[in-house]
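Before any comments, here is the structure.
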Amino acid sequence: MAPERHEDSGDALAVALRFRPAPTAKFVLDVAFTLPPGISILFGPSGAGKSTTLAAIAGLVRPETGRIALGHDVWFDAEAGIELPAHRRSVGFVFQSLALFPHLDALDNVAYGIDRRLGRTARRRRALAMLERMRVGHVADRRPPTLSGGEAQRVALARALAHGPRVLLLDEPFTAVQRELRRQLGTDLLACVAETPLPVLLVTHDVDEARALGERVLHLEAGRLRAVGPVATLPANERS
């Protein structure tokens, strides 16, 4: 299990959401939790609302009621009428599909989200440094369709981290690669989070992965949190 972190090493993310994910949804997503710096696992069966929770935090969907704040910075407050657009929330997001731009090479994919005030040369320099940090600097001039599954995963992680996010959201980012590569990617992720503590919310269906990477687990079922606690409380034989 990953080492414990002190909650004062960075800003905590406070989330309270309530809304029906879709008109046909069978449940209302109703959750409230606080994420300290470090890796928290969002665990639960398919259709429980995990991806929707991440999308709401990132500003990709709008809750009916609730509040999302990182430290003293309020990103969303339905009652106060505050709603920062996604591009103003300091979030790195790795989608399950990775969502890399197929027409851009790996370097430009990573550089895309970096502050344009830096200028093109500085952005590309930072992007290449992050690709090298994720051990895929050699694919900088290649486009996503030519990458292996593991290379694409690393490029997606590099893109999510390159702009210096204050929150990292990972929606089953390692499911498309073999177990040994998943362990390597997890090790790299732990190293990045250790260097720059920030709240990370990782969706996974893999208990071993949850135990290896996470410090705490939020167990979601039908839009409600069944339990929140140390990841060691997750039964070894449980399957989401």
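Only heavy atoms go into these numbers, but all of them, side chains included; no hydrogens, no water, no symmetry mates.
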If hydrophobic clusters are built by linking Ile, Leu, Val, Met, Phe, Trp and Tyr wherever their side-chain heavy atoms come under 4.5 Å apart, do [X] and [Y] end up in the same one?
X	Y	result
L13	L213	no
L35	L161	no
F19	L169	yes
V91	F95	yes
V228	V203	yes

If we ignore hydrogens and angles and just use 3.5 Å, is the side chain of [X] paired with the main-chain N or O of [Y] as donor and acceptor?
X	Y	answer
K50	E172	no
R166	G92	no
T53	G49	yes
D108	L104	no
R211	L234	yes
T187	R183	yes

First locate atom [atom1] of [X], then atom [atom2] of [Y], and finally report the distance between them rounded to the nearest 0.5 Å.
X	Y	atom1	atom2	answer
E221	F27	CD	CZ	11.0 Å
C192	L168	SG	CG	9.0 Å
E209	I41	CD	CD1	7.0 Å

Can you tell if the side chain of [X] reaches within under 4.5 Å of the side chain of [Y], non-hydrogen atoms only?
X	Y	value
H205	S46	yes
V110	V155	yes
L190	I39	yes

Return a table of donor-acceptor pairs under 3.5 angstrom between the side chains of residues 77-88 and protein atoms on other chains or two or more places apart.
from, atom 1, to, atom 2, distance (Å)
D77, OD1, E79, N, 3.1
D77, OD1, A80, N, 3.1
D77, OD2, R67, NE, 3.2
E83, OE1, R62, NE, 2.9

- request: Give every residue pair that meets the ring pair (Phe, Tyr, Trp, His ring centres under 6.0 Å) criterion with at least one member in residues 105-152, sequence neighbours excluded.
  value: F101-Y112
What I want to find out is whether [X] reaches [Y] closely enough, with some N-O distance under 4.0 Å, to be called a salt bridge.
X	Y	value
R18	D30	yes
E132	R154	no
D206	R179	yes

